[in-house]
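To keep things clear, I will list the structure first and then write my remarks on it.
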2 protein chains.
Amino acid sequence: MVKGSVSREAWVTPDGEAATGRPVGPRGEARRRALLDAAARLFVTKGFEKTTLRDLVETAGGSRATIYELFGDKAGLFRAMMEESNRRVLDHLSDARSPLPASPDEALVRFALHFLRGILNDETRAVVRVLVAESGRIPDIAEEFWQSGPATTVRGVADYLRALADGGGLRIEDPEASAQAFISMVVGELFMKGLILPGRPVPDDEIERRVRYAVRLFLDGIRAPEAAGGGPASGRS
Amino acid sequence: MVKGSVSREAWVTPDGEAATGRPVGPRGEARRRALLDAAARLFVTKGFEKTTLRDLVETAGGSRATIYELFGDKAGLFRAMMEESNRRVLDHLSDARSPLPASPDEALVRFALHFLRGILNDETRAVVRVLVAESGRIPDIAEEFWQSGPATTVRGVADYLRALADGGGLRIEDPEASAQAFISMVVGELFMKGLILPGRPVPDDEIERRVRYAVRLFLDGIRAPEAAGGGPASGRS
DNA sequence: CTCGAACTGTACTGTACGTTACAGTACATA
DNA sequence: TATGTACTGTAACGTACAGTACAGTTCGAG
């Protein structure tokens, strides 16, 4: 009894490695991957509460005890999984940043296409859904997601607009607000709809149509009228 | 034992009234209200799984048996609560629709202010959060929310824009897309941020600033430039 | 006031879950 | 090949929960 009661204090291995960390052997490494993959599938489709450790082990192999050795407890596995998924989703997003080729029209269209395709996939939707549902459980991960995801994306577009404003004939008073407005127009209701309704994927031609419309609306509203008589008729089709 | 085993078949009262219905007496009416109120508070703050019947009864008074008499089971109470909250949130929204006074600027600003304040309150956020988290449990309610809420709002704005396009000097090729873009700009990241992050309320002056910015951006992009002799800038017929 | 139905309180049942303990096994290392 | 240890499988524990049964109480109708 006494020996049992110390088990919590002895939760660190002799050489200082925390038990709630990465695996200690090469076998554990494989099991850790399997558990994280199973977690990414189960937690995200069934939610935290409805996913049982038995489910996870049945999917990943191994045993429940291993979960405790590798992740401390159920919440630890969930948290580790979310950190990873978070990173993966953010990588999708960062792909969309920063190429500044050709005209503003072209640059914005290209960014927006990349961005929209990046956030409308199933994984992103699922991760954000869990983030919303369990944000109370993992406020720090939610915060990091927001800062590294949406906030950074807006800042990236704002930087681009700022650079453009200097010599690009655009009237941009508040780059952050403009960037936010542009991104909002591009996304529209699609993302929220995907969170609330079981979504069939958005057809790619609708994505393109929406992006071109948003860019046109954005530019024609923001383009300085003093750009000489001819006016930049953003010609297409 | 034999008598007990028939209890499931006897789940309907002798006179044919299903147990999962509205209360049969005046006392039950009060208890039903109390239970729905408790549910609106607890389910929405703690989620479906983490809210226990004991919690609900402790908050609402009465007894667990009453829940089964009035709502059938836990999910029935949840569903009834969501239907009501849904309706309340949608009422907020419908307040924002359809006044068409003065200039387009003024009309859009007024609508947007009303709309944004309507969706940025705590109740709306909480209800949508639950809708996202439990959309699998109540797909029909989620669908109804979407159709009666966002979809109807967009349609309302689109109708307004359509009416304006006829004689208002605005170039509106696709009223639905324009309405969607406008609303998206107005909302921006605010709502999604409120879902993911524990939100402090948005200060009212920020709401106003955002709305005015969105309206200006929207109109300057959509206003037909007929003053400048000819208006060839409009790309397509 | 009486009566019966509607509601309440409580105790109980069965079950499912997270967590732990432990004995057995497979594996990396030397 | 020998050895210690990192992982596995299983069983068990305690708890917490939804749902049920039932006797007691309240309240409105006649």
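A, B, ... follow the sequence lines: proteins, then strands. Residue 1 opens every chain. Keep in mind it's a predicted model, so treat the numbers as computed, not measured.
A cation-pi arrangement is present between R137(A) and F48(A) under the rule of less than 6.0 angstrom and at most 45 degrees off the ring axis.
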Between the protein and nucleotides 11-14 of chain C, which nitrogen or oxygen pairs come in under 3.5 angstrom?
from	atom 1	to	atom 2	distance (Å)
dA11(C)	N6	R64(B)	NH2	3.1

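As rounded to whole Å, 17 Å separates atom P of dC17(D) from atom CG of D73(B). Look at CG on L42(B): it is 12 Å from P on dA18(D), rounded to the nearest Å. If you take CD1 of I67(A) and P of dG18(C), they are 9 Å apart, rounded to a whole angstrom. Put simply, CG on L35(B) is 12 Å from C1' on dC7(C), counting in whole angstrom units. Here dC17(C) presents its P atom at 16 Å from NZ of K50(B), a figure rounded to the nearest Å. The nearest whole Å value for the distance from the NZ atom in K74(A) to the C1' atom in dA16(C) is 11 Å. Separating the CZ atom of F71(A) from the C1' atom of dG18(C) is a distance of 16 Å, rounded to the nearest angstrom. If you take CZ of R31(A) and P of dT25(C), they are 17 Å apart, rounded to a whole angstrom.
Under the 4.5 Å side-chain criterion, counting only non-hydrogen atoms from C-beta, F145(A) is not in contact with R87(A).
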### Message
Does D55(B) form a salt bridge (Lys or Arg N to Asp or Glu O under 4.0 Å) with K46(B)? I'd like the steps, not just the answer.
### Response
CA-CA 11 Å; D55(B) 289 340; K46(B) 305 175 55 175; 2.7 Å; yes

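A salt bridge does not link R155(A) with E176(A): none of the charged nitrogens is closer than 4.0 Å to a carboxylate oxygen. With salt bridges taken as basic N to acidic carboxylate O contacts below 4.0 Å, none links D91(A) and R88(A).
Note that the OG atom of S135(B) and the CG atom of L195(A) stand 8.5 Å from one another [nearest 0.5 Å].
Only one option out of R33(A), R32(A), R79(A) pairs with E84(A) in a salt bridge (Lys or Arg N to Asp or Glu O under 4.0 Å); it is R33(A).
A residue-by-residue look at T51(A) and A65(A) shows that T51(A) has its nearest nucleotide of DNA chain C further toward the 5' end. The residue among S63(A) and F48(A) whose nearest nucleotide of DNA chain C lies closer to the 5′ end is F48(A).
When heavy atoms are screened at a 4.0 angstrom cut-off, L53(A) is found touching base atoms of the nucleic acid.
Considering only the side chain of Y68(B), dA18(D) comes nearest among dA18(D), dG9(D), dT19(C).
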